[in-house]
Each structure stands twice: as C-alpha cells, then as structure tokens.
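Shown next, in structure tokens, is the structure this report addresses.
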Amino acid sequence: MQIVQRFIQLESASGILLIGAMLFAMLMANTPLDPYYEAILDLPVEVRVGALHLDKPLLLWINDGLMAIFFLLVGLEVKRELMVGELSEPSRIVLPAIAAVGGMAIPALCFAVFNWSNDTDLRGWAIPTATDIAFALGILSLLGNRVPVALKLFLMTLAIIDDLGAIIVIALFYTTELSTLSLTVAATTIAMLFLMNRLGVMRIAAYVLVGVVLWISVLKSGVHATLAGVVLAFAIPLTNKKNPDFSPLKSLEHLLHPWVAFAILPFFAFANAGVPLAGISLDMLLASVPVGIMAGLFIGKQVGVFGFSWIAIKLGLAEKPGGAGWGALYGVSLLTGIGFTMSLFVDSLAYEGMADLYGGADRLAILIGSVVSALAGYLVLKFALKD
C-alpha cells in the first residue's frame, strides 16, 4: 500500500506541474516569445558514433527519446502490478479492466463517426482513447482526503490498463515502412535481454546498455522507438534469489519515477502543448477531426467508462469501489477524458510527417476536451464527495 500511496502522491504533484507546463507553452506560443519557442523545439541535436548518426530536432528527441523512458516506467509499473500488485488479483482487476475497454472503444467509435469518410482523418481514431494518469490524479488530489482510496486505486488501475492498450495500439497501427536489418538487430537484442533475465543477470546497467542498442534499432526500424522502453521493462527481473531484499525492477522504477513525473512529462507537455491560437478559426476547430477528438474525450470517455462499469456492476461481475457512490464513479469517469500528454503523443504519431495538417486545431481540441473533462469531473466529484 505504501508503494501505491507514493505513486499517487508523485503522479498528483506531476499533474499540477503538467498544467503549469501547458500554460507556459501556450503563453510562449501566443505572445512575442513564439519565435523563441519555435527555436527551442527546432534546435538540432546530433549524436554520432562512427557510422551511427542520429540527427533530429529537439522536439523529436523529446517525443522519441524521453518518451521511451516514460514508456520504460509504464512497462515497469505494468509488470510489477501484474506480478505482485493490483493486476495480480482477478477480483480487483475486473471493474477497471472492463471500464478501460469501454473507455477505449466508445471514444474511438465517437471519433470514427465524424471521420469515417476520410482515411487520412481516420488515422487519429486512437487520439481520444488515452487517459493522462498524472493529470487525472492531479485533479483528484485537489479534493484531498474526501476521495476514497478504493476510488483512487480504480482510476490508477484503469489508467495503467489504458496505457497497456495504448502500447498495443501504437505497435499495431502506428508504424511506418519497416527496415528488415534494423528489425533483425532489434529481435537479437530482445532475445539477449530475456536470456540475461533467464541467466539471472541482476545488474541494471547491463540491461540499460543493451536497451540503448534496442532503442536505436527500433528507432531505425520503422516501429515507434518508445516501444523499446516497454520491452526493456519486461526483461528486467522483479526478484533476486541471491538477495531477496534487492529488486532490480523496483529499484529502477524508484529511480525513474521522479525524473519522469517532474522532468520528462512536463518537458513533453511544454514541447507539444504550445498551440498558436491566432491561426485557428472557429471553422477549423469545428472540422471533423477536432470535433471527433473533443467528442471522444468528453463524451466517449465518460460513456464508455461509466457505462461499462454500470453494466459490469449490475450484472454482478464486479463491485463498486469501496466508499464510492454512483456520483463519485461518474466523476472519475469524467476525469478519464483528460487525454492531454498521451493524446498529444498519439496525435503526433497519427499525423506524423503531414506538416501540421489541421493547423494546430487537432492539438487545441485535445486541450479543450481535456480541460472540460477535468473541470466537469472536479465539479461532479466535489458535489458527490460532500462531507
């Protein structure tokens, strides 16, 4: 339980910081500071080791590099939860798992309804399916001790399953042309990682070193590089037979969590949330893609999460979180519509290389859908959790 409480505290604080990063990015993008904001994102960063050459603007290093570390942490959390945490007990996983399925399926359907006739637009169907756990827990933390622990665990578990679903979606639907050579190198390094695990290698540095090779090969393969972080996470041992007091996985998770919560995610938010409002007209915001995103986040998420939860509870498949009524469960369902960083990330993959096809209206729609969901969720919870 201490691990869960620490997780919630870190994610809640990170959520508040994310709001600040978003506001700062919007300030820079919509004032005379905009040229400096663009210059920061376009700053060339080059790494060369012999024949190996990586040359990308800072924005892509953040989206492909730093977010790989974020997904490494997600993978570590998912593995720990599956083996010894909330996800290891079927009775506790049923409700958030069913809710997560609804929270991905209905928003995707909402988006598809508005964009079915255009294949390019339809590429963004997964944008409103994501939940930003840091932002959501940050809003939940504003209500203090009135929030039942079981309700926090429900939201946390749902978001972890949601992240796992996002990983699968990215792997299956957001890849480009594949390089056979790079995929071969990636497969070899993956085999090496799991062989190290079977041989009982406990040094985290050894896994990280091979993981860097994996990240580069996946980056060059056409599969999104962030998935390398997830694979690396599942290879790192949870237990140490020779030293039961030391867990490589928990040690690395403990090390990475503050960096991800207070540096990587805020950097990502700052780099992707700066949408210049001057160039976005009402017609652009009411186009099919932005409307699909806003509808998916605000309507699809609450309908999917609350609707599927209600059905599961009424059928006797699961129980409501302890100490929480229907109003509180509905409030948390609204909070899952806070897509923010995860939705921005999927958006960058869905329309990658299309030169800002929607003039920033798609990213603004993510911010609007997330903010409206946050405000509505907070107000409903404040009323539902009255002392």
Side-chain angles (χ1 to χ4, degrees), residues 1-14 65-93 96-97 133-134 137 149 152-153 156-168 171 185-218 225-265:
M1 186 59 71
Q2 286 182 343
I3 293 176
V4 171
Q5 290 174 342
R6 181 176 178 275
F7 178 93
I8 290 171
Q9 289 168 356
L10 272 176
E11 294 293 347
S12 299
S14 176
L66 291 185
M67 288 302 283
I69 299 174
F70 165 73
F71 276 97
L72 168 59
L73 179 61
V74 170
L76 293 171
E77 290 167 349
V78 169
K79 181 176 179 178
R80 173 176 52 77
E81 291 293 331
L82 285 170
M83 296 183 71
V84 297
E86 296 296 317
L87 304 185
S88 65
E89 299 183 34
S91 61
R92 293 186 179 182
I93 195 179
I133 184 172
L137 285 172
V149 173
K152 294 179 182 178
L153 288 175
M156 187 185 78
T157 306
L158 185 155
I160 289 173
I161 298 171
D162 195 289
D163 284 345
L164 189 57
I167 290 165
I168 295 170
V185 175
T188 303
T189 54
I190 291 171
M192 187 181 301
L193 285 168
F194 285 94
L195 179 62
M196 289 164 60
N197 180 289
R198 297 296 297 173
L199 292 175
V201 176
M202 293 293 150
R203 289 186 176 275
I204 296 174
Y207 287 95
V208 172
L209 184 62
V210 179
V212 171
V213 177
L214 174 62
W215 177 78
I216 294 171
S217 59
V218 173
T226 52
L227 297 177
V230 180
V231 175
L232 174 59
F234 275 80
I236 294 174
L238 175 64
T239 57
N240 184 345
K241 293 180 180 179
K242 295 181 179 179
N243 182 7
D245 294 330
F246 173 71
S247 166
L249 185 147
K250 290 181 181 179
S251 178
L252 183 58
E253 183 183 356
H254 179 77
L255 175 67
L256 289 178
H257 215 147
W259 286 99
V260 169
F262 297 112
I264 290 174
L265 287 180

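FYI, side chains are in, hydrogens and waters are out, and symmetry mates aren't considered; it's all heavy atoms of this structure.
Residues passing the side-chain contact (heavy atoms from CB on, under 4.5 Å) test with Leu209: none are found, sequence neighbours excluded. Contacts of Ala233 classified as side-chain contact (heavy atoms from CB on, under 4.5 Å), with partners at least two apart in sequence or in another chain: Leu72, Leu76.
Taken from OG1 in Thr239 to NZ in Lys250, the straight-line distance is 9.5 Å, to the nearest 0.5 Å. Distance check, rounded to the nearest 0.5 Å: NZ of Lys79 to CD1 of Ile236 gives 7.5 Å. Taken from CD in Glu77 to CZ in Arg80, the straight-line distance is 6.5 Å, to the nearest 0.5 Å. Interatomic distance, CG of Leu256 versus NE2 of His254, reported as 10.5 Å (0.5 Å rounding).
Listed here is the closest heavy atom pair of Gly75 and Phe234: O-CE1, 3.9 Å. Nearest heavy atom pair, residue Leu232 against residue Leu214, reads N-CD2, 4.5 Å.
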Tell me which donor-acceptor pairs under 3.5 Å the side chains of residues 185-204 have, and how far apart each pair is, sequence neighbours excluded?
residue	atom	partner	partner atom	Å
Thr188	OG1	Thr184	O	2.8
Thr189	OG1	Val185	O	3.2
Thr189	OG1	Ala186	O	2.7
Asn197	ND2	Ala235	O	2.6

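Contact check for Ile161 versus Ile93: side-chain heavy atoms found under the 4.5 Å cut-off.
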